[in-house]
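See structure below.
Quick caveat, the model's predicted, so the values are computed rather than measured.
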Amino acid sequence: MTPVSGAPVLAADIGGTKLAAALVGPDGRVTASGRVPTPNEPGVDGEELWRTLEALLGKLVADAGDPPLAGVGVGCGGPMTWPAAEVSPLNIPAWRGFPLRARLRARYPGLPVRIHNDAICVAVGEHWRGAGRGHDDVLGMVVSTGVGGGLILGGRLVNGASGNAGHIGHVIVDPGGPPCACGGRGCLEAVARGPGLVAWAREQGWRRGDGTATGVELGADARGGDPVAVAAMRRAGRALGIAIASAAHLCDLQVVAIGGGLSQTGSLLFEPLDEAFDTHARMEFARRVRIVPASLGQTAGLVGAAALVFAQDRYWSAG
């Protein structure tokens with residue numbers, strides 16, 4: 001295959017609960033999309049997960065009439081080696097050191113294949129076509145089954161030494177807080193991610209369903225006025241505000257754009273977030289940052305993955 005100018009990028013967003021794919025044009029518009037649940041049950045192996053992803057991508061392209069492609073861009077949970085993209089997502093046990101970029105290169109020979117952390121792709125998408133557009137210094141965040149982020153400074157993606165710069169989910173917000181999957185304690189992710197909030201709410205007496213309730217359902221109960229669910233959202237918002245205050249002081253940001261399922265709870269999350277930020281952001285330059293919901297919604301990661309190909313001068317510095 002040969003990359004074609006003006007053609008769409010085949011983009012994918014790989015998460016613990018869903019695999020999403022889209023064809024994204026050079027203007028950032030999603031022209032076709034599809035999704036399937038992530039096969040993430042105990043006993044699922046890496047090859048089964050790969051076959052599910054491969055089938056999703058193949059069907060999307062076939063249903064669109066097999067158009068020529070400009071490349072392949074993917075956001076995937078981490079950690080991963082970068083840019084080789086041997087992935088070991090914390091929330092996908094079936095993949096440990098899985099050679100995702102190599103597999104996709106073999107599947108789409110001749111096309112550029114670019115893979116980055118899923119939260120970094122959200123940050124890139126929001127900077128390229130979303131809430132951070134027109135600003136040089138942006139933190140993009142995802143608050144969902146995990147908490148991650150990506151940094152745009154001086155108008156360019158900051159990768160860091162290993163491709164993991166901007167990983168705000170592992171900023172410590174409560175040293176005596178809950179254990180984190182990374183092995184630490186009191187990380188923002190341990191406190192604010194959906195499954196962690198559900199576990200905390202259950203300890204406080206919240207009951208919903210058969211024990212498989214999600215952060216989305218917790219948010220729905222919070223909107224309905226359930227006091228424990230409301231307290232859980234305040235807990236998450238406070239932790240986010242503390243972490244963002246630290247990031248604003250460190251990076252002198254203009255915009256923080258927050259996406260992911262929990263961000264859709266609106267003021268239930270953002271009001272305690274703003275309160276905690278106002279309390280902890282004391283330097284005047286840090287207090288100027290705007291904290292807003294991601295404007296691209298659930299497509300931000302797909303749009304950002306496409307930008308790794310379309311806007312490589314700003315967002316892709318590797319081979």
- Message: What verdict does the side-chain contact (heavy atoms from CB on, under 4.5 Å) test give for Thr81 and Val87, after you've listed the backbone C-alpha separation in whole Å, the side-chain angles of each residue and the deciding distance to 0.1 Å?
- Response: CA-CA 7 Å; Thr81 62; Val87 302; over 6 Å; no
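- With a 4.5 Å cut-off on side-chain heavy atoms, Thr214 and Val198 do not count as touching.
- From Leu90, atom CG reaches atom CZ of Arg193 across 9.0 Å, with rounding to the nearest 0.5 Å.
- A heavy-atom distance below 4.5 Å is not found between the side chains of Phe98 and Pro89.
- Side-chain N/O atoms of Thr38 and Asn40 include no donor and acceptor closer than 3.5 Å.
- Considering only heavy atoms from C-beta on, Asp118 stays 4.5 Å or farther from Cys76 through its side chain.
- A pairwise comparison of heavy atoms in Ala245 and Ala281 identifies CB-N, 3.9 Å as the closest pair.
- In terms of modelled atom types and a separation under 3.5 Å, the side chain of Glu189 and the main chain of Val147 share a donor-acceptor contact.
- The shortest side-chain heavy-atom distance between Pro67 and Leu23 falls under the 4.5 Å cut-off.
- Not one N or O on the side chain of Arg107 forms a donor-acceptor pair closer than 3.5 Å with the backbone of Glu54.
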- Task: Test Glu271 against Arg234 for salt bridge (charged side-chain N to carboxylate O under 4.0 Å, His left out), laying out the working first.
- Result: CA-CA 8 Å; Glu271 284 184 3; Arg234 290 197 62 81; 5.5 Å; no
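- Under the 4.5 Å side-chain contact rule for hydrophobic residues, Val303 and Leu308 share a cluster.
- The two residues Gly241 and Ala276 come nearest to each other via the heavy atoms CA-CB, 4.0 Å.
- Within a 6.0 Å sphere centred on CZ of Arg238, heavy atoms belonging to other residues, nucleotides or ligands number 12 at most.
- In this structure, CG in Leu139 is found 9.5 Å from CD1 in Ile152, a value given to the nearest 0.5 Å.
- Side-chain contact of Gln254 with Arg288: a donor-acceptor pair under 3.5 Å is absent, judged by distance alone.
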- Task: Please assess Trp82 against Trp316 for the test ring-ring contact (aromatic ring centres under 6.0 Å, His included), listing each intermediate value before the final yes or no.
- Result: CA-CA 11 Å; Trp82 186 85; Trp316 188 260; 5.5 Å; yes
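- Counting only distance, with no hydrogens or angles, the side chain of Thr145 and the backbone of Gly16 share no donor-acceptor pair below 3.5 Å.
- Between Leu104 and Leu57, some side-chain heavy-atom pair lies under the 4.5 Å cut-off.
- By the rule that hydrophobic residues join a cluster once side-chain heavy atoms approach within less than 4.5 Å of another member, Val142 and Trp128 end up as members of separate clusters.
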- Item | Pair Val74-Val113, side-chain contact (heavy atoms from CB on, under 4.5 Å): steps then yes or no | CA-CA 8 Å; Val74 179; Val113 175; 5.6 Å; no
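- Taken to the nearest 0.5 Å, the CG atom of Asp252 stands 9.0 Å off from the CG atom of Leu153.
- Taking the ring centre of Trp50 as origin, the terminal cationic atom of Arg103 falls inside the region bounded by 6.0 Å and 45° from the ring axis.
- Taking every heavy atom of both residues into account, Leu262 and Gly215 meet most closely at CD2-O, 3.7 Å.
- Of the possible polar contacts, none joining the Arg114 side chain to the Gly73 backbone as a donor-acceptor pair under 3.5 Å is found.
- A donor atom on one side chain and an acceptor atom on the other are not found under 3.5 Å apart for Asp136 and His127.
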- Task: Might you work through the side-chain contact (heavy atoms from CB on, under 4.5 Å) test for Tyr315 and Ile120, ending with a clear yes or no?
- Result: CA-CA 10 Å; Tyr315 307 124; Ile120 287 175; over 6 Å; no
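- Rounded to the nearest 0.5 Å, atoms CD (Gln312) and CG (Leu157) are 13.0 Å apart.
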- Task: In sequence, state the C-alpha distance, the side-chain angles, and the governing distance for Leu19 and Thr52, and then conclude on side-chain contact (heavy atoms from CB on, under 4.5 Å).
- Result: CA-CA 9 Å; Leu19 306 176; Thr52 303; 3.9 Å; yes
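- Taking every heavy atom of both residues into account, Ala213 and Arg202 meet most closely at CB-NH2, 3.6 Å.
- Under the 3.5 Å distance criterion, the side-chain polar atoms of Glu126 are matched with a main-chain donor or acceptor of Ala131.
- Atom OG1 of Thr299 sits about 5.0 Å away from atom CG of Leu296, to the nearest 0.5 Å.
- Expressed to the nearest 0.5 Å, how far CD1 of Ile291 lies from CE of Met141 amounts to 9.5 Å.
- With contacts defined as side-chain heavy-atom distances shorter than 4.5 Å, the pair Val173/Cys187 does not qualify.
- In plain terms, the two heavy atoms of Arg223 and Gln264 that are nearest each other are NH1-O, 3.9 Å.
- Ionic pairing of Asp13 and Lys18 is present here: one or more N-O contacts between side-chain nitrogen and carboxylate oxygen are shorter than 4.0 angstrom.
- For Arg185 (side chain) and Gly177 (main-chain N/O), a donor-acceptor pair under 3.5 Å exists by modelled atom type.
- When every heavy atom of Ala11 is checked against every heavy atom of Ala306, the shortest pair comes out as CB-N, 4.4 Å.
- Cluster annotation: Leu188 and Trp200 are assigned to distinct hydrophobic clusters (Ile/Leu/Val/Met/Phe/Trp/Tyr, side-chain heavy-atom contacts under 4.5 Å, transitive).
- Val292 is not connected to Leu268 by any chain of hydrophobic side-chain contacts under 4.5 Å among Ile, Leu, Val, Met, Phe, Trp and Tyr, and they are in different clusters.
- Side-chain contact between Leu151 and Cys251 is present, with at least one heavy-atom pair separated by less than 4.5 Å.
- Side chain to side chain, Asn159 and Ser317 meet the donor-acceptor criterion of an N or O pair below 3.5 Å.
- Under the 4.5 Å side-chain heavy-atom criterion for ILVMFWY residues, a single connected hydrophobic cluster contains both Leu60 and Val36.
- Contact of the Val72 side chain with the Val9 side chain is not registered, since no non-hydrogen atoms from C-beta on lie closer than 4.5 Å.
- The aromatic rings of His167 and His170 sit perpendicular, their planes meeting at an angle over 60°, well past the 30° parallel limit.
- Comment: Arg96 does not engage Glu86 in a salt bridge, judged by the lack of any side-chain N to carboxylate O separation of less than 4.0 angstrom.
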